[in-house]
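Let me begin by presenting the structure, written as structure tokens, before commenting on it.
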Amino acid sequence: MPTVRALCDHATTTPKEPSMTLPSFPFPTEAALAPPAEWAEFRAKCPVAKVTLASGDEAALITRYADVKKVLSDPRFTRPTPADKAARVADTESGGVFNSEMAGVIPQHGEAHLKWRRMLGKWFTAKRMTALRPRMEAMAVRLIDEMVAKGEPADLKAGLAFPLPVWVICDMLGVPDTDRERFAHWSDVMLSMTRYTQAEFDVAQTEFGRYLGGHIAAKRAEPGEDILSSLITDTDADGEHWSDALLVATGIGLLIAGHETTANMIAKMVAMLLEDRSRWEALLADRSLIRTAVEESLRMDANAGIGMSRFLTEDFEVGGTTLPPGTTAMCSMASANRDEDAFEGAAEMTLDRSPNAHLAFGAGAHVCLGQPLARTELQVVLGVLLEKLPTLELAVAAADLRKVEGLAVGGLRELPVRW
């Protein structure tokens, strides 16, 4: 690989210029919970650098906190749409779910995007999360009891981290969580960077769309107290109803985001807290740390996936570099969250860190809509685990935990635990 300085000098070249051999992104890591060594080096020496994605396309990698926040918050730029011909994340012809026609159905710009968020936002308020919490706690207790009944060691991801957020988002959408294995398969295929072919992606997208289309038709005939029913019957600020295509795309997006990222984060959070036993003991001694421990786990997540991309439509200065129009900027929020210029002792997990303005949920107009739900689920799971399984510990060495490979989101394949 060329030197970091050479990569930095190369960051402003256009796609028509000859390119050197570039590093592949995401970077490999030696351990599932550890950050790649490249992050610190790039932040220090080359905060804006050219990298190659799984597709072979080039992108500008942004690694510093201030720069990542600047790119994500700039209202001129948004997620790439199929018309942009942006860098593809996946190695398939279409480039994966973020470059797909389905993603293009959801409005990404201006007032149309704000209207779309307003229609959904009322389902993710603090008041609704407070109302959901007792049912989440009851489900967490049930899942833990079932896991314990099967004996140890157990896979906490399969027994708790995966089924809980699936149950929650399915309940909110009015979709049966008994279909969770199908959701998991479709989600994995659609989030794939290297694991599935274009044909497999097309089949998964078609099947998922047909499945949601059937549920939308059923909700149209018999509305319930759920998100899909509300989106079907309500009108937006202009008095318009959503099209079936937008309903399906939104439903798929909520199901994928509502379980995939949170399920992975639950497992990673517990693994990080058990990696150093003193962290778990501190939480057992002081449950008031649960909220800040969740936020610090989100900040410390080194296995977060590829990050967020933005398509630049005009010259943009960031990190001392001017990027030309047509650049796909890949923002590594996980690297930004370990920036020493933004967080004192950034490499250390500080359970009572406050304030903690991490970028795990992004920033700007596209900040994660479901972050109140994710935070509530993480807090609930941690609180119930501390109460039910105070002696919980990893059943393997932290260094032996295995990463999920080839997906745009990061996670652990399993989380072996005993108690």
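FYI, the numbering just counts along the sequence from 1. Everything numeric here is computed off the predicted structure, so don't read it as measured data.
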Next item on the list: Of all the heavy-atom pairs spanning I144 and K388, show the shortest one and how long it is.
Entry: CG2-CB, 4.2 Å

Only pairs under 3.5 Å count here: list side-chain donor-acceptor contacts from residues 363-374, not counting sequence neighbours, and write none if there are none.
from: H366; atom 1: ND1; to: R79; atom 2: NH1; distance (Å): 3.3
from: H366; atom 1: NE2; to: T78; atom 2: OG1; distance (Å): 2.6
from: H366; atom 1: NE2; to: Q108; atom 2: O; distance (Å): 3.1
from: Q371; atom 1: OE1; to: R375; atom 2: NH1; distance (Å): 2.5
from: Q371; atom 1: NE2; to: C368; atom 2: O; distance (Å): 3.3

Margin query: Take a 6.0 Å sphere around CD of E281 and say whether it holds more than 12 heavy atoms from other residues, nucleotides or ligands.
Written below: yes

Check: Hey, does L392 have a side-chain heavy atom less than 4.5 Å from the side chain of W280?
Finding: yes

Item checked: Heavy-atom check, side chain of V51 versus side chain of S24, under 4.5 Å -> no

Note to self: Nearest 0.5 angstrom please: Q198 CD to D91 CG, how far?
What the structure shows: 9.5 Å

Next item on the list: Would you indicate whether the side-chain heavy atoms of L247 and I232 approach each other to under 4.5 Å?
Entry: yes

Checklist line | L385 side chain reached by L160 side chain, heavy atoms, under 4.5 Å | finding: yes

Can you give me every donor-acceptor pair (side chain of residues 308-319, partner residue at least two apart or in another chain, under 3.5 Å) with its distance?
from: E314; atom 1: OE2; to: R76; atom 2: NH1; distance (Å): 2.8
from: E317; atom 1: OE1; to: K70; atom 2: NZ; distance (Å): 3.3
from: E317; atom 1: OE2; to: G320; atom 2: N; distance (Å): 2.9

Check: So, for G174 and H215, which heavy atoms are closest and what is the spacing to 0.1 Å?
Finding: O-ND1, 4.4 Å

Next item on the list: Would you check if L228 and V175 make a side-chain contact, meaning some heavy-atom pair closer than 4.5 Å?
Entry: yes

Check: How long is the gap from CG on D177 to CH2 on W167, to the nearest 0.5 Å?
Finding: 8.5 Å

Item checked: CG on D171 to CE on M139, rounded to 0.5 Å -> 8.5 Å

Next item on the list: Report yes or no: is the cationic atom of R182 (NZ for Lys, CZ for Arg) under 6.0 Å from the centre of the six-membered ring of Y211, at an angle within 45° of the ring normal?
Entry: no

Checklist line | Heavy-atom donor-acceptor pair, D155 side chain to P416 backbone, under 3.5 Å | finding: no

Note to self: Determine whether F162 and E181 satisfy the following criterion, side chain to side chain contact (heavy atoms under 4.5 Å, CB included), listing intermediate values before the conclusion.
What the structure shows: CA-CA 10 Å; F162 173 60; E181 297 301 329; 3.9 Å; yes

Item checked: Whether R195 side chain and E405 backbone form a donor-acceptor pair below 3.5 Å -> yes

Notebook entry, point to check: Are side-chain heavy atoms of S297 and M349 found at a separation under 4.5 Å?
Noted result: yes

Item checked: Where T327 and A60 come nearest, the two heavy atoms and their spacing -> CG2-CB, 3.8 Å

Margin query: Once rounded to the nearest 0.5 Å, what's the spacing between atom CE of M300 and atom CD of E348?
Written below: 7.0 Å

Margin query: When you compare the side chain of I306 with that of F25, does any pair of heavy atoms fall below 4.5 Å?
Written below: yes

Next item on the list: Please answer whether the main-chain N or O of A126 pairs with a side-chain N or O of T130 as donor and acceptor at a distance below 3.5 Å.
Entry: yes

Let me check something: any side-chain donor-acceptor pairs from residues 248-275 under 3.5 Å, sequence neighbours excluded? List them with distances.
from: T250; atom 1: OG1; to: W116; atom 2: NE1; distance (Å): 3.0
from: T250; atom 1: OG1; to: L246; atom 2: O; distance (Å): 2.8
from: H259; atom 1: ND1; to: L255; atom 2: O; distance (Å): 2.6
from: T261; atom 1: OG1; to: A257; atom 2: O; distance (Å): 2.8
from: N264; atom 1: OD1; to: K157; atom 2: NZ; distance (Å): 3.0
from: N264; atom 1: ND2; to: E260; atom 2: O; distance (Å): 3.0
from: K268; atom 1: NZ; to: D301; atom 2: OD1; distance (Å): 3.4
from: K268; atom 1: NZ; to: D301; atom 2: OD2; distance (Å): 2.8
from: K268; atom 1: NZ; to: N303; atom 2: O; distance (Å): 2.9
from: K268; atom 1: NZ; to: G410; atom 2: O; distance (Å): 3.2

Checklist line | Sidechain-backbone polar pair: R413 side chain, V404 backbone, donor-acceptor under 3.5 Å | finding: no

Check: Can you tell me if CD on E200 sees more than 12 non-hydrogen neighbours from other groups inside 6.0 Å?
Finding: yes

Margin query: Please give me the minimum heavy-atom distance between L156 and M147, naming the atom from each residue.
Written below: CA-SD, 4.0 Å

Next item on the list: Establish, for the pair R128 and W123, whether the NZ or CZ atom is under 6.0 angstrom from the six-membered ring centre and no further than 45 degrees off its axis.
Entry: yes

Notebook entry, point to check: Just how far is it from atom CZ of R353 to atom CD of E344, taken to the nearest 0.5 Å?
Noted result: 7.5 Å

Next item on the list: Could you pull out the closest heavy-atom pair between F124 and M129, with the gap in Å?
Entry: CA-CE, 3.9 Å

Note to self: Could you measure the distance from the CZ atom of R291 to the CD atom of Q379? Nearest 0.5 Å is fine.
What the structure shows: 7.5 Å

Margin query: For E146, is there an ion pair with R142 - N to carboxylate O distance below 4.0 angstrom?
Written below: yes

Margin query: I want to check something: taking the side chain as every heavy atom from C-beta on, are L173 and D226 in contact at a cut-off of under 4.5 Å?
Written below: no

Check: Which atom names give the shortest non-hydrogen contact between A140 and V380, and what distance separates them?
Finding: CB-CG1, 4.5 Å

Check: Hey, is K69 close enough to D339 for a salt bridge, meaning N to O under 4.0 Å?
Finding: no

Next item on the list: Taking the six-membered ring for Trp and the full ring for Phe, Tyr or His, determine whether the centres of F27 and F42 are under 6.0 Å apart.
Entry: yes

Check: Are E296 and R299 within salt-bridge range, i.e. N to O under 4.0 Å?
Finding: yes

Notebook entry, point to check: Given E240 and T235, is the side chain to side chain contact (heavy atoms under 4.5 Å, CB included) satisfied, shown in steps?
Noted result: CA-CA 5 Å; E240 297 176 353; T235 56; 5.8 Å; no

Notebook entry, point to check: Salt-bridged, K115 to D238, with N to O below 4.0 Å?
Noted result: yes

Note to self: Other residues, nucleotides and ligands only: do more than 12 of their heavy atoms fall within 6.0 Å of CD on E222?
What the structure shows: no

Notebook entry, point to check: So, R118 and D236, do they make that salt bridge, N to O below 4.0 Å?
Noted result: no

Check: So, R43 versus S335: side-chain donor-acceptor pair below 3.5 Å or not?
Finding: yes

